[in-house]
Protein chains: 2
Amino acid sequence: MLTIGKLGEAAGVKVPTIRYYEQIGLLPEAERSAGNQRLYGRKAQERLAFIRHARDLGFTLEAIRDLLSLSDKPDQSCAAADAIAKAQLAEVESRIARLIALKAELERMVVQCAGGRIADCRVIEVLGDHALCATDHRHPEVEPAH
Amino acid sequence: MLTIGKLGEAAGVKVPTIRYYEQIGLLPEAERSAGNQRLYGRKAQERLAFIRHARDLGFTLEAIRDLLSLSDKPDQSCAAADAIAKAQLAEVESRIARLIALKAELERMVVQCAGGRIADCRVIEVLGDHALCATDHRHPEVEPAH
DNA sequence: CTTGAAGCTATAGTTGCTAGAGACATTAGA
DNA sequence: TCTAATGTCTCTAGCAACTATAGCTTCAAG
Ligand SMILES: [Zn+2]
Ligand SMILES: [Zn+2]
Ligand SMILES: [Zn+2]
Ligand SMILES: [Zn+2]
């Protein structure tokens, strides 16, 4: 049985984050010691590792909630889980596409500036006028939280 | 002189967002009509377009605040502005690198799953164990808000 | 047995908005 | 001109996914 601090260390998750996951129901309520401190066993450890890994791969807590509840039903079809992963892949691909467009515009700005006065700065100039951009980078979708 | 609704329409920014920008001091307090409604002239329009464009390019409001205050000093050197843009470029590049690693792992998961039961699902399996990943994609830095 | 680290709860702050409530202003049609 | 619809006003609260603080209790080492 691990204390919350040891668990956090083991999983690479900060202590308040673990309590937060419990609070929003992503982790079950932990067992408590005589002195009211949380204690975790192997199952909780695995669950937290799963959450952490999925977060590292960019899944939202909502998606993770669904994946966890699927993983508790080993005999069901995995189609739903695969769909969540595919959606996440699509999300990542579209973010990459958007960021590549941003990168191109930022590079153009930075390269074109000769480095003189603000009045002649290409960075400031381009920021003031999207018509000076080469691509249409305008926020087609939302970027992620975190 | 435009009302807040017209200004928002012109700049592609929602009305509450404009009020929010004013609240946090990114836009100056607007003139008011006899009936206490905000009125905007060309300068406010340009400032809002600047903010909007910089947001579309992924700059934070803090960075934009700095860029705006620089753009108000046309005779100063633009080095500071260029530095902000370069930092943003670096940020975008590192996000791209991270997302490409995520994409690779997500593709691996999705491709490897044969589509049977949850108990045999590669997606669930990999999420539970980073050792099954081919790359080290673990959150080297923070993703942006929004 | 004492001290310092680690744990507890509860609340508020972060970023960049967005949505509501309830009141006032403006504008278009009958 | 009256009225109804829309627009605007302020203020507050909510979103994701944490993070930080305050003020307490409990635990482990010396
Ligand atoms: Zn410059
Ligand atoms: Zn542009
Ligand atoms: Zn599967
Ligand atoms: Zn991994």
Side-chain angles (χ1 to χ4, degrees), chain A residues 1-27 29-40 44 48 51-68 88 91 95 138-139 141-146, chain B residues 1-27 29-40 44 48 50-68 88 91 95 139 141-146:
Chain A
M1 288 301 221
L2 301 176
T3 62
I4 196 170
K6 300 295 176 188
L7 176 68
E9 218 171 306
V13 176
K14 286 176 190 152
V15 166
T17 304
I18 299 174
R19 289 197 278 247
Y20 170 71
Y21 287 161
E22 177 183 313
Q23 190 196 311
I24 64 169
L26 211 54
L27 288 174
E29 292 198 13
E31 283 179 62
R32 297 296 181 118
S33 73
N36 196 36
Q37 304 198 347
R38 290 173 180 83
L39 292 176
Y40 298 91
L48 181 57
I51 294 170
R52 175 64 206 267
H53 195 207
R55 284 297 294 133
D56 284 347
L57 286 163
F59 289 88
T60 65
L61 294 183
E62 254 323 286
I64 293 171
R65 196 188 292 280
D66 294 344
L67 287 166
L68 281 169
Q88 175 61 13
E91 174 70 28
R95 274 188 234 161
R138 274 176 293 181
H139 81 151
E141 54 220 281
V142 185
E143 279 175 58
H146 182 230
Chain B
M1 286 303 222
L2 300 176
T3 63
I4 196 169
K6 300 292 178 190
L7 176 68
E9 217 172 305
V13 175
K14 285 176 191 153
V15 166
T17 303
I18 299 173
R19 290 197 277 248
Y20 170 71
Y21 287 161
E22 178 183 314
Q23 190 197 312
I24 64 170
L26 212 54
L27 289 175
E29 292 197 13
E31 282 178 64
R32 299 295 181 120
S33 71
N36 196 37
Q37 303 198 345
R38 290 174 180 82
L39 292 177
Y40 298 92
L48 182 56
F50 185 102
I51 295 170
R52 174 64 206 267
H53 195 208
R55 284 297 294 135
D56 285 347
L57 287 163
F59 289 87
T60 65
L61 294 182
E62 252 324 283
I64 294 170
R65 195 188 294 278
D66 293 344
L67 288 166
L68 281 168
Q88 174 62 13
E91 174 71 30
R95 271 189 235 161
H139 80 151
E141 54 222 281
V142 186
E143 277 175 60
H146 194 203

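Per chain, numbering begins at 1; letters A, B, ... match sequence-line order.
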Q) Side-chain N or O of K14(B) less than 4.0 angstrom from OP1 or OP2 on dT18(C)? A) yes
Q: With side chain to side chain contact (heavy atoms under 4.5 Å, CB included) as the test, would you mind laying out the steps for R95(A) and E91(A) before giving the verdict?
A: CA-CA 6 Å; R95(A) 274 188 234 161; E91(A) 174 70 28; 3.3 Å; yes
Q: Rounded to the nearest 0.5 Å, what's the gap from CD1 on I51(A) to CG on L26(A)? Could you check?
A: 4.0 Å
Q: Would you mind reading off the distance between I24(B) atom CD1 and dG16(C) atom C1', rounded to a whole angstrom?
A: 8 Å
Q: Locate the shortest heavy-atom distance separating R32(B) from L39(B); write the atom from each residue and the value.
A: C-CD1, 4.3 Å
Q: Output every pair passing side-chain hydrogen bond (donor to acceptor under 3.5 Å, both in side chains) with a member in residues 2-18 of chain B, not counting sequence neighbours, ordered by first then second residue.
A: none
(Q) Pick the closest DNA chain D nucleotide for T17(A) and for A34(A) by heavy atoms, then say which residue is nearer the 5' end. (A) T17(A)
**Q.** Nearest-Å distance for atom pair CG/P, residues L48(B) and dC17(C)
**A.** 11 Å
Q: In whole angstrom, give the distance that lies between atom CZ of R52(B) and atom P of dG16(C).
A: 14 Å
Q: Please state how far atom CD in E22(A) lies from atom C1' in dT19(D), giving the value in whole angstrom units.
A: 17 Å
Q: Whole angstrom is fine here: how far is it from CD1 in I51(A) over to C1' in dA17(D)?
A: 13 Å
Q) L27(B) CG to dG16(C) P: how many Å, rounded? A) 15 Å
Q: Evaluate the side-chain proximity of Y20(A) to L61(A): yes if any heavy-atom separation is below 4.5 Å, no if none is.
A: yes
**Q.** Partners meeting side-chain contact (heavy atoms from CB on, under 4.5 Å) with Y40(B) (sequence neighbours left out)
**A.** I4(B), L7(B), I18(B), E22(B), A30(B), R38(B), A44(B)
**Q.** Short side-chain N/O contact from Y21(B) to OP1 or OP2 of dG16(C), under 4.0 Å
**A.** no
Q.
So, using salt bridge (Lys or Arg N to Asp or Glu O under 4.0 Å) as the criterion, who are the partners of R65(A) when residues are at least two apart?
A. E62(A)
Q) In whole angstroms, how far is the C1' atom of dT14(C) from the CD atom of E62(B)? A) 12 Å
(Q) Counting only side-chain nitrogens and oxygens, does T60(B) get under 4.0 Å of the OP1 or OP2 atom of dT15(C)? (A) no
Q. How would nucleotides 2-11 of chain C be written as a contact map, 5' to 3', with B for base contact, S for sugar-phosphate-only contact and - for no contact, using protein heavy atoms under 4.0 Å?
A. -----SSB--
Q.
Just the rounded figure in Å: distance from P of dC15(D) to OH of Y20(B).
A. 17 Å
